[in-house]
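Working notes for the structure below.
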Amino acid sequence: MRGRGPRRSLRLSLKSSSCRHRFARITQKITSLLFFAVYLQSRHISMNQPEVDPSAGDSQPRNVLQTARLNKLRKIESLGIDPWGGYFPNRELTRDVRARAAEIQFQTADGRTLPLPDFGANAAGEAIDYRKWKSDQGAGEEIGPKVRVAGRIVLMRPTGKLIFVNIRDWTGDIQIFIGKAQVGDADFDLAGLFDLGDWIGVDGRLGRTNYGELTVFAEKLHFMCKTMEPPPEKHAGLTDQELRQRQRYLDLTYNEGVMDTFLKRTKIVQAVRDTLNRRGYCEIEGPTLHTIAGGAAARPFLTHHNALNMPLFMRIALELHLKRLLVGGMERVYELGRVYRNEGISPRHNPEFTMLESYEAFANYEVMMELTEEIIVNALKATGQGTQVVWNDKPIDFTPPFRRAKYNDLFQEATKLDPHDVEGIAALHRRLGMDPTGKHPDVVKSEVFEELCEESLTNPTFVIDYPASICPLTKRKQDDPSVAERFELFVHGMELANAYTELNDPLLQEELFRTQLDGQAEEDSMAKMDDDFVLALRNGMPPAGGLGIGIDRLIMLLTDSRSIRDIVLFPLLRHQD
RNA sequence: GCCCUUGUAGCUCAGUCGGUAGAGCAGCUGACUCUUAAUCAGCGGGUCGUAGGUUCGAGCCCUACCGGGGGCACCA
């Protein structure tokens with residue numbers, strides 16, 4: 001909200017007819033701002049800023065904390081050091097530095113080098129007294145590789161003329177030993193101006209402290225970035241759900257496992273792409289602004305194009321444009337991208353979410369089941385997991401082939417009713433507290449199915465062969481036109497995937513678009529007439545299998561996350577002043 | 001949209017029966033060259049989500065609103 005006004009007016013003015021003049025004016029403004037910034041900078045460095053007394057004047061505690069940091073910032077500037085850092089080549093990740101621990105050795109006075117004792121594998125659980133071990137070897141010294149690391153300060157333990165600092169990069173933490181005698185007075189003074197949350201770089205020697213802790217013994221410090229806000233509590237981290245989502249950067253840095261989950265998310269998405277690419281698919285980017293929001297039954301977000309003065313919808317599915325590409329001869333095509341649905345929010349629903357849809361010419365829904373299994377197994381592999389995982393304290397067995405069960409069989413099993421017993425199903429529907437009046441029997445059946453069957457599907461199950469009347473984009477079974485060649489994959493009652501043998505008969509497609517589903521209001525029906533799509537089908541779409549996977553739900557299941565908000569970096573939240 | 005629940009210092013949390021607002025971390029000052037959430041001594045830090053109401057008196061009770069979480073509805 002806040003940023004919208006100025007941003008919109010900038011965009012408008014750049015596009016207007018007097019664009020050039022306004023652009024020149026903006027450039028002028030930016031230039032003068034830059035000069036002002038440079039002036040401020042030089043002022044800071046050349047003059048000794050009077051220190052602000054944190055206890056005086058402003059009694060707001062937040063400002064007291066900010067003032068303390070501001071004072072240190074100015075002192076750093078007055079030392080002639082840029083508090084915002086810069087290029088820092090050849091630094092090693094802390095993970096790689098930890099892997100070099102074996103390079104640390106002990107060199108005795110007579111020139112022999114000894115390996116260090118094994119700090120990790122003391123079965124007795126007793127701490128190894130490394131200081132005693134060293135004195136047992138007689139005179140000599142520890143030698144270790146020179147390393148360069150960088151990261152954010154997450155803990156500090158000053159003990160007089162010695163400061164222990166734990167820094168964190170995105171692969172983990174490492175301890176830094178900053179001794180006044182070792183780094184010199186200038187760097188030790190700089191270290192006195194460190195705050196929790198600051199980014200620093202360190203050159204030093206990798207070694208072990210007397211207690212065996214792997215440590216970089218600093219020889220040169222580099223200041224990388226001052227942090228003007230106090231970090232979360234150092235032990236508990238950030239527990240407030242709202243703050244974790246609004247300030248995800250703090251969540252990522254200070255809460256255990258968060259970075260790991262989001263890096264896993266990246267690996268899963270990469271694995272999905274790899275699987276499809278290896279199979280000969282091409283990835284495309286379809287339009288996200290649609291004139292008709294089709295391909296699913298969901299309420300779209302409405303937007304507007306100014307120059308064309310035209311309403312537009314944010315896409316709710318990828319399907320119809322990918323099928324147009326099948327018509328064009330892209331025989332294996334997919335898109336992995338964001339769709340938008342203007343519906344309720346829950347632990348399993350975010351208004352924008354990531355969807356995969358893939359279409360393969362000359363395949364059918366059976367092929368798509370195998371592809372689904374392959375995608376999931378490869379994603380598990382990419383995150384270092386086998387096919388047995390735990391989600392929400394419950395086991396899931398992803399060992400292929402997944403169970404396949406017919407819709408009607410599951411229905412009969414759960415309800416003890418004949419799937420064709422329209423009256424009996426309607427009665428059960430009523431008993432479940434719903435109203436079947438005026439609804440198509442298949443819709444009534446589908447609602448009962450959702451109520452009674454889906455929840456019980458814990459291990460991966462392909463529910464196959466849906467009633468055709470609730471599948472307007474799906475090819476019917478050749479020997480039974482009342483059944484559609486469709487499957488949905490359920491895991492722990494959650495719909496994870498949805499696939500069809502695609503309907504490529506333009507005449508039937510047009511009829512299904514035209515015939516509103518019985519008992520459904522127009523806005524609720526997925527059968528929205530899309531003449532342009534029908535025209536595409538009339539130009540000939542090869543028979544094909546199509547698959548959709550809810551990527552966020554897949555990531556939830558593979559990272560043991562019970563809320564979609566834990567695996568979407570910035571879930572939608574209400575605006576706050 | 002409806003129901004339940006929650007909001008106290010920068011962060012994590014106490015706050016009894018309605019009777020002057022508490023702790024730890026973080027911050028500031030001092031001590032300390034092998035610490036591990038370092039320790040020790042001292043100091044500062046509050047619009048109790050917001051606005052009303054009840055009361056001699058409200059962090060606490062009531063109403064409305066705002067934000068979060070959970071559930072319902074919606075979501076082929």
Side-chain angles (χ1 to χ4, degrees), chain A residues 51 53-56 58-69 71-72 127 130-131 134 154-166 173 175-183 188 195-197 207-215 217 228-247 250 254 295-299 316-317 341-349 351 353 433-434 440 442-443 446-447 449-450 466-467 469-474 484 486 488 495 498 500 517 520 523-527 548 562-563 565 571 573-577:
Chain A
E51 195 173 318
D53 179 357
S55 62
D58 207 330
S59 64
Q60 297 285 317
R62 187 183 190 85
N63 286 347
V64 171
L65 297 175
Q66 287 172 344
T67 303
R69 282 165 185 266
N71 283 334
K72 288 180 189 168
Y130 181 43
R131 184 164 24 179
K134 280 188 286 188
V154 290
L155 289 173
M156 264 199 296
R157 294 176 294 281
T159 68
K161 296 185 180 62
L162 171 62
I163 305 172
F164 288 95
V165 170
N166 289 31
D173 294 2
Q175 178 170 265
I176 312 292
F177 178 110
I178 303 172
K180 189 177 168 88
Q182 289 81 358
V183 296
F188 197 75
D195 278 309
L196 293 177
R208 298 265 183 190
T209 63
N210 286 341
Y211 289 95
E213 178 82 16
L214 192 65
T215 300
F217 290 84
M228 305 309 294
E229 295 285 332
E233 208 271 343
K234 66 185 179 187
H235 192 54
L238 209 58
T239 61
D240 186 299
Q241 280 297 325
E242 183 181 357
L243 285 176
R244 289 183 57 198
Q245 290 164 39
R246 287 192 195 278
Q247 296 187 279
L250 297 177
Y254 294 103
R299 204 156 302 145
I316 57 171
R341 296 187 180 179
N342 204 342
E343 284 156 3
I345 294 177
S346 86
R348 286 164 298 285
H349 298 84
F353 62 99
M434 297 182 283
H440 187 287
D442 282 343
V443 172
S446 159
E447 287 176 358
F449 186 90
E450 283 169 26
Y466 277 67
S469 53
I470 59 170
C471 310
L473 296 163
T474 312
R486 169 186 182 181
E488 288 195 340
E495 179 192 338
N498 185 12
Y500 325 132
L517 222 51
Q520 286 209 13
E523 64 164 29
D524 290 333
S525 169
M526 76 175 295
R562 54 194 68 182
S563 170
R565 291 191 193 96
L573 291 171
R574 283 176 201 273
H575 178 258
Q576 236 189 3
D577 287 321

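Quick caveat, the model's predicted, so the values are computed rather than measured. The sequence lines fix the lettering, A, B, ..., with proteins before strands; numbering per chain opens at 1.
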Stacked cation flag A:R486 on A:Y466, 6.0 angstrom / 45 deg: yes
Sugar-phosphate only, base, or nothing, as touched by A:T209 at under 4.0 Å among non-hydrogen atoms: base
Sugar-phosphate, base or nothing in reach of A:K161, heavy atoms under 4.0 Å: base
Sugar-phosphate, base or nothing in reach of A:F177, heavy atoms under 4.0 Å: base
Touch class at under 4.0 angstrom, heavy-atom based, for A:D240 against every strand present: sugar-phosphate
Touch class at under 4.0 angstrom, heavy-atom based, for A:P347 against every strand present: sugar-phosphate
Per A:A181 side chain, nearest of listed nucleotides B:G27, B:U33, B:A76: B:U33
Sugar-phosphate, base or nothing in reach of A:I163, heavy atoms under 4.0 Å: nothing
Closest to the A:K72 side chain, choosing from B:G27, B:U12, B:U36: B:G27
Rounded P spacing from B:U16 to B:C60 in Å: 11 Å
Touch class at under 4.0 angstrom, heavy-atom based, for A:R562 against every strand present: nothing
Pairing stems for RNA chain B [at least three consecutive pairs; Watson-Crick or G-U; under 3.5 angstrom]: B:1-7 with B:66-72, B:10-13 with B:22-25, B:27-31 with B:39-43, B:49-53 with B:61-65
Candidate nucleotides B:G70, B:C13, B:A76, ranked by approach to the side chain of A:R341 - the nearest: B:A76
Sugar-phosphate only, base, or nothing, as touched by A:R208 at under 4.0 Å among non-hydrogen atoms: nothing
Sugar-phosphate, base or nothing in reach of A:Q175, heavy atoms under 4.0 Å: base
Residues that A:E495 engages under side chain to side chain donor-acceptor pair (under 3.5 Å), provided they are two or more places apart: none
